[in-house]
Asker: 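Before I ask anything, let me first share the structure, which is written out below as C-alpha cells.
In what follows, every chain begins at residue 1, and chains take the letters A, B, ... in the order their sequences are listed.
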There are 2 protein chains.
Amino acid sequence: MKITQEADYALRIVLNLSKLGMDNRIDAKSLSEEERIPTRFTLKILRKLTQGGITRAYRGVHGGYALNQNPQDLNLKIVIELIDGPICVNRCVYDKEFCNLKRTNHCSIHHVLGEVKDLLTDKLESVNFKDLLEK
Amino acid sequence: MKITQEADYALRIVLNLSKLGMDNRIDAKSLSEEERIPTRFTLKILRKLTQGGITRAYRGVHGGYALNQNPQDLNLKIVIELIDGPICVNRCVYDKEFCNLKRTNHCSIHHVLGEVKDLLTDKLESVNFKDLLEK
DNA sequence: CTTAATTTATACCTATTTGGTATAGTTTTA
DNA sequence: TAAAACTATACCAAATAGGTATAAATTAAG
C-alpha cells in the first residue's frame, strides 16, 4: 500500500518546479542536489515527466527543465500514475480474470476494494500543486 | 499503491471463515479449493492469521481452522496490516530519516501523504466482515 | 565553427520483495 | 497406532524497485 520511491521523488521534483513557475528552468544536476535525489535517477524521472507532458526540457548550454502545465492543473494522481501506473489496490479490481465475479457473479471483496480505490483516487486528484505550494 | 496478493487471499480466507461463523471449522485443503488459492500458500497464510489471533487452529483428524473473533470485530485494516505490515503510502511518512522535515522543517509532500494515509486507514478500518457478509 | 553544458536513448545491474514450494516434524482422534 | 490434520523452517524463482553506465544529440557562447 505504498507509492514507489520513484513516484515520491517525482512529486518532489514537480513541487520544486512548481515553486519556480512555468517560466523558469533548472538543470537536472542542481535539482537533484536540492532534492537529494541521485542525479542520474533524477534525469530518468525527468525524462518520464517530459514524455508525459508534465515538464518541458530545454537542451544544450543553459538548458534544463520547467513545468509544462500550470501547477493548479497538476495533481498528485497525475504524477503518481505517470510513474507507477494506474492505482489499483488489488489485482481483482484491476483485472477481472482474477476475480470471483467470473465464477460466482458476486465478490464483496472486489466491491469494497473498488470503493477504496475510488476514495484514494479522488483524494489524490483533489490535491493540486498550487495548493501544495501554499501550505 | 496495491495490497499484496497474499493480503488479498487473506481477506478472502477471513471472509470464508466469517460465513461459517466462529463455531464451525474448515480444513485448509477444502478452503484452498473453495477460494482457488494454492494449498500450501493457504496454510502459510492461515498460520500468520492464527499467530495474529484472527483465526484459531485445531490440529489432528477433523482439525481445521475457525475464526477466533467475531466478524464484526474484524476489519480490512486488521487483516491487511497483519499480512503486509503497516499502511504507509511512502517512506517519508513512515520513516522521518528520509523526510525533508529533518532538513527544512517543512515538507508539504509529507503532510499531504499523511492525510492520504489517514483517509485510507479510516476507510479500511470502517469495513468489518459482518458488513461484507451482508452485501 | 568548435567546445562545453546540457538533455536523450538504451541498456544494464543488483538487492529486495513477492508468490509459492518442499521437507520433516507434531498433534489428535478414531 | 495409523491417518488426517496443523507447524516450523527453509528454500527458490520471477518480478519489481532503485539505481548506474555509455554513447549520442542538441544548443549557446565565444
Asker: Once you round it to whole Å, what is the distance between P of D:dG19 and CZ of B:Arg91?
Answerer: 6 Å
Asker: Counting side-chain heavy atoms from CB outward, which of D:dG19, D:dC6, C:dG19 is closest to B:Phe41?
Answerer: C:dG19
Asker: Using the side-chain heavy atoms of B:Ala57, tell me which of these nucleotides is nearest: C:dG20, C:dT7, D:dC6.
Answerer: D:dC6
Asker: Looking at C:dT8, D:dA21, C:dT18, which one has an atom nearest to any side-chain atom of A:Leu43?
Answerer: C:dT8
Asker: Taking the minimum atom-to-atom distance to the side chain of B:Tyr65, which one of D:dA8, C:dA9, D:dT7 wins?
Answerer: D:dT7
Asker: Check this for me, if you would: do A:Glu115 and B:Lys123 make a salt bridge, where the nitrogen-to-carboxylate-oxygen distance has to be below 4.0 angstrom?
Answerer: yes
Asker: Round to the nearest Å and state the distance from A:Asp8 atom CG to D:dA17 atom C1'.
Answerer: 13 Å
Asker: Judged by each residue's nearest nucleotide on DNA chain D, which is more toward the 5′ side, A:Asp84 or B:Gly63?
Answerer: B:Gly63
Asker: Rounding to a whole Å, what distance do you find between A:Ile45:CD1 and D:dA17:C1'?
Answerer: 12 Å
Asker: Do side-chain atoms of A:Asp27 reach the backbone of A:Ser30 as a donor and acceptor pair under 3.5 angstrom?
Answerer: yes
Asker: Can you tell me the distance, in whole Å, between the CD1 atom of B:Ile13 and the P atom of C:dG19?
Answerer: 13 Å
Asker: Mapping B:Arg40 and A:Ile3 to their closest nucleotides on DNA chain D, which lands nearer the 5' end?
Answerer: B:Arg40
Asker: Would you say A:Gln51 places a side-chain N or O within less than 4.0 Å of OP1 or OP2 belonging to C:dT8?
Answerer: no
Asker: Produce a footprint string for nucleotides 25-30 of chain C: one letter per nucleotide, 5' end first; B if the base is under 4.0 Å from any protein heavy atom, S if only the sugar-phosphate is, - if neither.
Answerer: BBBBBS
Asker: Quick one: B:Lys2 NZ to D:dA15 P, roughly how many Å, whole number?
Answerer: 13 Å
Asker: Rounded to whole Å, how long is the line connecting atom CZ of B:Arg47 with atom C1' of C:dT21?
Answerer: 11 Å
Asker: Between B:Asn90 and A:Leu11, is any pair of side-chain heavy atoms under 4.5 Å apart?
Answerer: no
Asker: What is the distance, rounded to the nearest whole Å, between atom OH of A:Tyr58 and atom C1' of D:dA25?
Answerer: 19 Å
Asker: What's the NZ-P distance between B:Lys48 and D:dC6, to the nearest Å?
Answerer: 17 Å
Asker: With sugar-phosphate meaning primed atoms plus P, OP1 and OP2, does B:Lys29 contact a base, only sugar-phosphate, or nothing at under 4.0 Å between heavy atoms?
Answerer: nothing
Asker: Where do B:Ser18 and B:Leu132 land on the side-chain contact (heavy atoms from CB on, under 4.5 Å) test, with the steps shown first?
Answerer: CA-CA 9 Å; B:Ser18 295; B:Leu132 280 183; over 6 Å; no
Asker: Main chain of B:Gly53, side chain of B:Gln69: is a donor-acceptor contact present, judged purely on distance under 3.5 Å?
Answerer: yes
Asker: Go through C:dA22, C:dT7, C:dG20 for me and flag the one nearest to the B:Lys44 side chain.
Answerer: C:dG20
Asker: Is it the case that one hydrophobic cluster holds both A:Leu133 and B:Val116, taking links as side-chain heavy atoms less than 4.5 Å apart, direct or via other members?
Answerer: yes
Asker: Crowded around B:Arg56 CZ? As in, over 12 foreign heavy atoms under 6.0 Å?
Answerer: no
Asker: Can a side chain N or O of B:Tyr9 be found less than 4.0 Å away from OP1 or OP2 on C:dG20?
Answerer: yes
Asker: Given A:Leu67, which partner from the list A:Leu49, A:Leu20, A:Leu17 fulfils the side chain to side chain contact (heavy atoms under 4.5 Å, CB included) test?
Answerer: A:Leu17
